[in-house]
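Residue numbers start at 1 and run along the sequence shown. A quick note: this is a predicted structure, and the numbers were derived from the prediction, not measured.
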Amino acid sequence: MTDIPRSPGKTTIDPIVLHTIARLTALRVDGVSRLSPVPGGVNRLTRRGQEGVRVEIENSRVDVDLYVVLHADTNVREVSRNIQSNVARAISDMVGMEVGRIGIHIEDVDYTSEA
């Protein structure tokens, strides 16, 4: 058995990276019009919210809440599931962190795209 030498040092991931991954991934899902502001006031130390995304990190596990506005002609359940699976996969693949809960909050429906 060969010993693989370990590199000195440690890799850390800023929570803003997780926000960006979640936000951009959610916006790419068909049926998502845009993200809605995170409701509520001040975020706690381990909770940060920005542009429709709230991320909580506990014991290297990531929980995400996404606040979305959907297009009027979409299936809410299908779009929600697609957001959850795509965001979980993106976080896991890109940063290797365990993903716990991904909550989808439908804040509004966008009828303006219908003309």
Side-chain angles (χ1 to χ4, degrees):
M1 192 165 136
T2 350
D3 288 329
I4 299 173
R6 298 188 85 187
S7 300
K10 177 181 176 180
T11 301
T12 59
I13 306 294
D14 191 301
I16 279 296
V17 173
L18 300 171
H19 283 97
T20 301
I21 292 169
R23 181 175 56 83
L24 293 177
T25 302
L27 288 170
R28 286 191 196 123
V29 173
D30 286 338
V32 175
S33 173
R34 63 187 180 276
L35 298 180
S36 179
V38 174
V42 179
N43 291 305
R44 303 274 185 250
L45 290 175
T46 58
R47 292 181 170 185
R48 292 184 179 185
Q50 140 186 338
E51 300 180 32
V53 181
R54 178 176 285 152
V55 172
E56 184 175 343
I57 304 166
E58 187 174 323
N59 298 325
S60 297
R61 188 186 84 186
V62 181
D63 292 328
V64 180
D65 285 292
L66 292 147
Y67 298 83
V68 298
V69 177
L70 301 182
H71 292 293
D73 59 347
T74 60
N75 180 310
V76 172
R77 180 179 292 166
E78 183 179 320
V79 172
S80 296
R81 287 181 180 162
N82 288 340
I83 295 168
Q84 288 171 320
S85 64
N86 290 356
V87 170
R89 187 178 321 113
I91 289 172
S92 179
D93 289 351
M94 293 179 78
V95 298
M97 293 179 77
E98 177 189 350
V99 179
R101 178 188 54 77
I102 298 182
I104 306 300
H105 307 273
I106 311 301
E107 295 293 305
D108 202 356
V109 176
D110 184 2
Y111 287 95
T112 60
S113 59
E114 293 182 2

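Linking ILVMFWY residues whenever their side-chain heavy atoms come closer than 4.5 Å, directly or via other members, leaves L24 and V55 in distinct clusters. One hydrophobic cluster, built from ILVMFWY side chains closer than 4.5 Å, cannot hold both V69 and L35; they sit in different ones.
S33 pairs with exactly one of T74, D110, T112 by the side chain to side chain donor-acceptor pair (under 3.5 Å) rule, that one being D110.
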Under the criterion side chain to side chain contact (heavy atoms under 4.5 Å, CB included), I'd like the reasoning laid out for N75 against V79: C-alpha separation, chi angles, the key distance, then a yes or no. CA-CA 6 Å; N75 180 310; V79 172; 5.5 Å; no

Under the side chain to side chain contact (heavy atoms under 4.5 Å, CB included) criterion, do I13 and L18 qualify, and how do the steps go? CA-CA 8 Å; I13 306 294; L18 300 171; 4.3 Å; yes

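Scanning all heavy atoms of the two residues, the minimum distance from A22 to L66 falls at O-CD2, 4.1 Å. Taking both residues in full, the closest heavy atoms of D63 and G100 are given as OD1-CA, 3.4 Å, listed atom of the first, atom of the second, then distance. Closest non-hydrogen pair, A26 versus V32, comes out as O-CG2, 3.4 Å.
Electrostatic pairing of R101 and D65 counts as a salt bridge here, judged by a charged N lying under 4.0 Å from a carboxylate O.
Between the side chain of N59 and the backbone N or O of R61, no donor-acceptor pair lies under 3.5 Å. Counting only distance, with no hydrogens or angles, the side chain of Q84 and the backbone of I102 share a donor-acceptor pair below 3.5 Å. Between the side chain of S85 and the backbone N or O of R81, at least one donor-acceptor pair lies under 3.5 Å.
Between P15 and I57, the closest side-chain pair of non-hydrogen atoms falls below 4.5 Å.
N82 meets the side chain to side chain contact (heavy atoms under 4.5 Å, CB included) test with V29, E78; sequence neighbours excluded. Residues that satisfy the side chain to side chain contact (heavy atoms under 4.5 Å, CB included) test with S80, not counting sequence neighbours, are V76, I104, I106.
Atom CG of D93 has more than 12 heavy atoms from other residues, nucleotides or ligands within 6.0 Å.
Sorted by first and then second residue, the ring-ring contact (aromatic ring centres under 6.0 Å, His included) pairs involving residues 72-110 (not counting sequence neighbours) are Y67-H105.
Of the inter-residue distances, the one linking I91 atom CD1 with E98 atom CD reads 12.0 Å to the nearest 0.5 angstrom. How far CD1 of I16 is from CD1 of I21: 11.5 Å, rounded to the nearest 0.5 Å. Here the CG atom belonging to L27 is positioned 9.0 Å from the CD1 atom belonging to I83, to the nearest 0.5 angstrom. Separation of atoms OG1 (T25) and CE (M94) is listed at 7.0 Å; rounding is to 0.5 Å.
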